[in-house]
Chemist: 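Structure in structure tokens, see below.
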Amino acid sequence: MKHFMLSAAAVVLCATAAQAEFTLDSRYTDADGDMIADIPTDPAQLVDPDTLIFAYTPVEDPAVYATAWSDFLTHMEKETGKKVQFFPVGNNAAQIEAMRAGRLHIAGFNTGSNPLAVACAGFRPFTIMAAKDGSFGYEMEIITYPGSGIDDVAGIKGRKMAFTSETSNSGFKAPSALLKAEFGMVAGTDFEPVFSGKHDNSILGVANKDYDAAAIANSVKTRMIDRDVVKADQFKVLYTSQTFPTTGFGTAYNLTPELQEKIKNAFYNFDWEGTTLQTEFSKSGEESFIPITFKDNWAVIRQIDEANGVSYACQ
């Protein structure tokens with residue numbers, strides 16, 4: 001099992017260079033240079049909805065996460081004085097479009113789709129989940145199943161490898177940069193790529209031997225093992241990456257400043273102990289919310305996007 005550091009690959013990019021390529025859609029401004037959309041100064045452009053819509057990144061079964069987030073959303077209702085509704089989304093593109101269209105107010109966007117949500121949907125991330133000691137992050141793994149005949153990453157040549165979606169960091173962007181830079185392997189030429197849609201689909205596909213290999217977020221695999229959806233001995237890890245930031249949580253840019261502050265406080269003062277959120281996410285070692293900035297914490301993700309030629313053009 002190898003560990004991949006982006007700086008060790010042939011796609012080295014400095015953070016400043018990656019930042020120079022990142023621009024917000026023309027509908028947003030960034031006067032303070034923090035790389036996220038400014039809150040409008042014109043009161044006519046601000047919204048203060050009676051019901052807040054919340055969506056969690058579509059990495060696994062939405063029904064599981066409607067339950068997992070229930071205690072937190074009750075807490076959010078008390079902090080904001082508004083009704084908060086969980087909105088299950090089927091894919092990253094639909095989640096981004098919902099916020100861009102004004103139908104989504106609070107969200108957790110996965111690592112890879114975070115930059116696109118910031119650029120195109122006016123997403124303002126401010127927190128991520130972390131362990132009690134403040135540590136955070138997950139690793140991308142390339143996995144296969146025992147008996148596949150694949151002993152290392154090079155063994156994927158000529159086989160079928162699953163990715164999740166093109167907006168996913170660990171499910172597509174990071175492994176694509178890695179495979180090309182470190183192993184000289186290109187999808188469609190050296191192996192057959194397939195897209196499963198979500199990390200749990202890729203993990204189940206490998207466990208059931210539908211895919212020869214897959215690139216996944218190990219935090220998702222850990223939670224699925226803890227729920228007895230799959231067994232640890234159904235997998236063989238071929239590669240483990242550096243640690244990446246997890247799902248970023250934040251608000252739509254045009255909520256009133258007062259409401260955005262209340263939402264932030266709801267995340268930071270939430271007591272995890274004994275809640276449905278702790279029950280689910282403590283499985284992957286996450287039991288607190290800590291402050292982050294898009295400019296600093298997502299620099300490595302923008303580097304990977306730059307290496308992959310990702311465009312932030314909004315359609």
Chemist: Name the orientation class of the two ring planes belonging to Tyr56 and Phe281 (parallel below 30°, tilted from 30 to 60°, perpendicular beyond 60°).
Modeler: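 Answer is perpendicular, since the angle exceeds 60°.
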Chemist: Are more than 12 heavy atoms, taken from residues, nucleotides or ligands other than Asp32, located less than 6.0 Å from that residue's CG atom?
Modeler: yes
Chemist: Does Thr111 reach the main-chain N or O of Pro245 with its side chain, forming a donor-acceptor pair under 3.5 Å?
Modeler: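 It does hold such a pair.
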Chemist: Evaluate the side chain to side chain contact (heavy atoms under 4.5 Å, CB included) criterion for residues Lys132 and Trp272: first the C-alpha distance (whole Å), next the side-chain angles of each, then the deciding distance (0.1 Å), finally the verdict.
Modeler: CA-CA 10 Å; Lys132 286 184 177 180; Trp272 287 62; over 6 Å; no
Chemist: What's the separation between atom OG in Ser170 and atom OH in Tyr138, rounded to the nearest 0.5 Å?
Modeler: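 The distance works out to 3.5 Å.
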Chemist: Any heavy-atom pair between the side chains of Asp233 and Pro146 that's under 4.5 Å?
Modeler: no
Chemist: Is Asn208 reaching over with its side chain to a backbone N or O of Asp210, donor-acceptor style, under 3.5 angstrom?
Modeler: no
Chemist: Taking the side chain as every heavy atom from C-beta outward, state whether Met76 and Ile263 have any pair of such atoms under 4.5 Å apart.
Modeler: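 The answer is yes; the side chains approach within 4.5 Å.
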Chemist: Should the ring pair Phe267 and Phe249 be called parallel, tilted or perpendicular, given that the plane angle runs from 0 to 90° and is split at 30 and 60?
Modeler: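 Because their plane-to-plane angle lies in the 30° to 60° range, the rings of Phe267 and Phe249 count as tilted.
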Chemist: How long is the straight-line distance from OG of Ser148 back to NZ of Lys160, given to the nearest 0.5 Å?
Modeler: 14.0 Å
Chemist: Does some side-chain heavy atom of Phe123 sit less than 4.5 Å from a side-chain heavy atom of Ile36?
Modeler: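 No, too far: nothing below the 4.5 Å cut-off.
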Chemist: Taking Thr127 for its side chain and Ile290 for its backbone only, find out whether a donor-acceptor pair lies under 3.5 Å.
Modeler: yes
Chemist: Do Asp271 and His75 pass the side chain to side chain donor-acceptor pair (under 3.5 Å) test, and can you show the C-alpha distance, the side-chain angles, and the key distance before you say yes or no?
Modeler: CA-CA 9 Å; Asp271 183 0; His75 170 72; over 6 Å; no
Chemist: Charged N to carboxylate O below 4.0 Å: is that the case for Asp305 and Lys173?
Modeler: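 A salt bridge links Asp305 with Lys173.
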Chemist: Within the side chain of Thr276, is there an N or O that forms a donor-acceptor pair under 3.5 Å with the backbone of Ala68?
Modeler: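 Side chain of Thr276 to backbone of Ala68, a donor-acceptor pair under 3.5 Å: yes, one is there.
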Chemist: For the backbone of Lys295 and the side chain of Arg302, can you confirm whether one donor and one acceptor N or O come within less than 3.5 Å of each other?
Modeler: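 At least one qualifying donor-acceptor pair exists.
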Chemist: For Asn92 and Ser165: C-alpha separation, side-chain torsions, deciding distance, then whether side chain to side chain donor-acceptor pair (under 3.5 Å) applies.
Modeler: CA-CA 8 Å; Asn92 298 316; Ser165 67; 3.1 Å; yes
Chemist: Report the C-alpha separation of Ser113 and Thr167 in whole Å, then their side-chain angles, then the decisive distance to 0.1 Å, and conclude whether the side chain to side chain donor-acceptor pair (under 3.5 Å) test is met.
Modeler: CA-CA 5 Å; Ser113 66; Thr167 58; 5.2 Å; no
Chemist: Run Asn265 and Glu79 through side chain to side chain donor-acceptor pair (under 3.5 Å) and show every step you take.
Modeler: CA-CA 8 Å; Asn265 289 337; Glu79 291 293 313; 5.8 Å; no
Chemist: State whether Asp25 and Arg27 are salt-bridged, where the test is any N-O pair (Lys NZ or Arg NE/NH1/NH2 against Asp/Glu carboxylate O) under 4.0 Å.
Modeler: yes
Chemist: Using the rule that Ile, Leu, Val, Met, Phe, Trp and Tyr join whenever any side-chain heavy atoms are under 4.5 Å apart, tell me whether Val84 and Tyr268 fall into a single cluster.
Modeler: yes
Chemist: Are Lys231 and Asp228 ion-paired here, with the side-chain N under 4.0 Å from a carboxylate O?
Modeler: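 Yes, this pair counts.
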Chemist: Is there a path of hydrophobic side-chain contacts, each under 4.5 Å between heavy atoms of I/L/V/M/F/W/Y residues, joining Leu46 to Ile53?
Modeler: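 No, Ile53 and Leu46 fall in different hydrophobic clusters.
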Chemist: For Lys262, does the NZ atom have more than 12 heavy-atom neighbours from other residues, nucleotides or ligands under 6.0 Å away?
Modeler: no
Chemist: Does the Lys NZ or Arg CZ of Arg124 fall within the cation-pi geometry relative to Phe294 - under 6.0 Å from the ring centre and within 45° of the axis?
Modeler: no
Chemist: Is Ser241 reaching over with its side chain to a backbone N or O of Glu139, donor-acceptor style, under 3.5 angstrom?
Modeler: no
Chemist: Any side-chain to backbone donor/acceptor pair from Gln278 onto Gly274? Under 3.5 Å, distance only.
Modeler: yes
Chemist: Membership question, hydrophobic clusters at under 4.5 Å side-chain separation (ILVMFWY): are Val229 and Val237 in the same one?
Modeler: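 Yes, one cluster joins them.
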Chemist: Is it the case that the side chain of Asp190 and the backbone of Lys157 share a donor-acceptor pair, with hydrogens and angles ignored and the cut-off at 3.5 Å?
Modeler: no
Chemist: Spell out, as yes or no, whether a donor-acceptor pair under 3.5 Å connects the side chain of Gln260 to the backbone of Leu255.
Modeler: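 It does hold such a pair.
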Chemist: Is the backbone N or O of Ala217 less than 3.5 Å from a side-chain atom of His199, with the two atoms forming a donor-acceptor pair by type?
Modeler: yes
Chemist: Please check if the distance between the ring centroids of Phe172 and Phe195 is under 6.0 Å.
Modeler: yes
Chemist: Does the distance from a Lys or Arg side-chain N to an Asp or Glu carboxylate O, for Asp226 and Lys283, drop under 4.0 Å?
Modeler: no
Chemist: Measuring centre to centre across the rings, with the benzene-like ring taken for any Trp, is Phe72 within less than 6.0 Å of Phe289?
Modeler: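 Yes, the ring of Phe72 comes within the 6.0 Å limit of the ring of Phe289, centre to centre.
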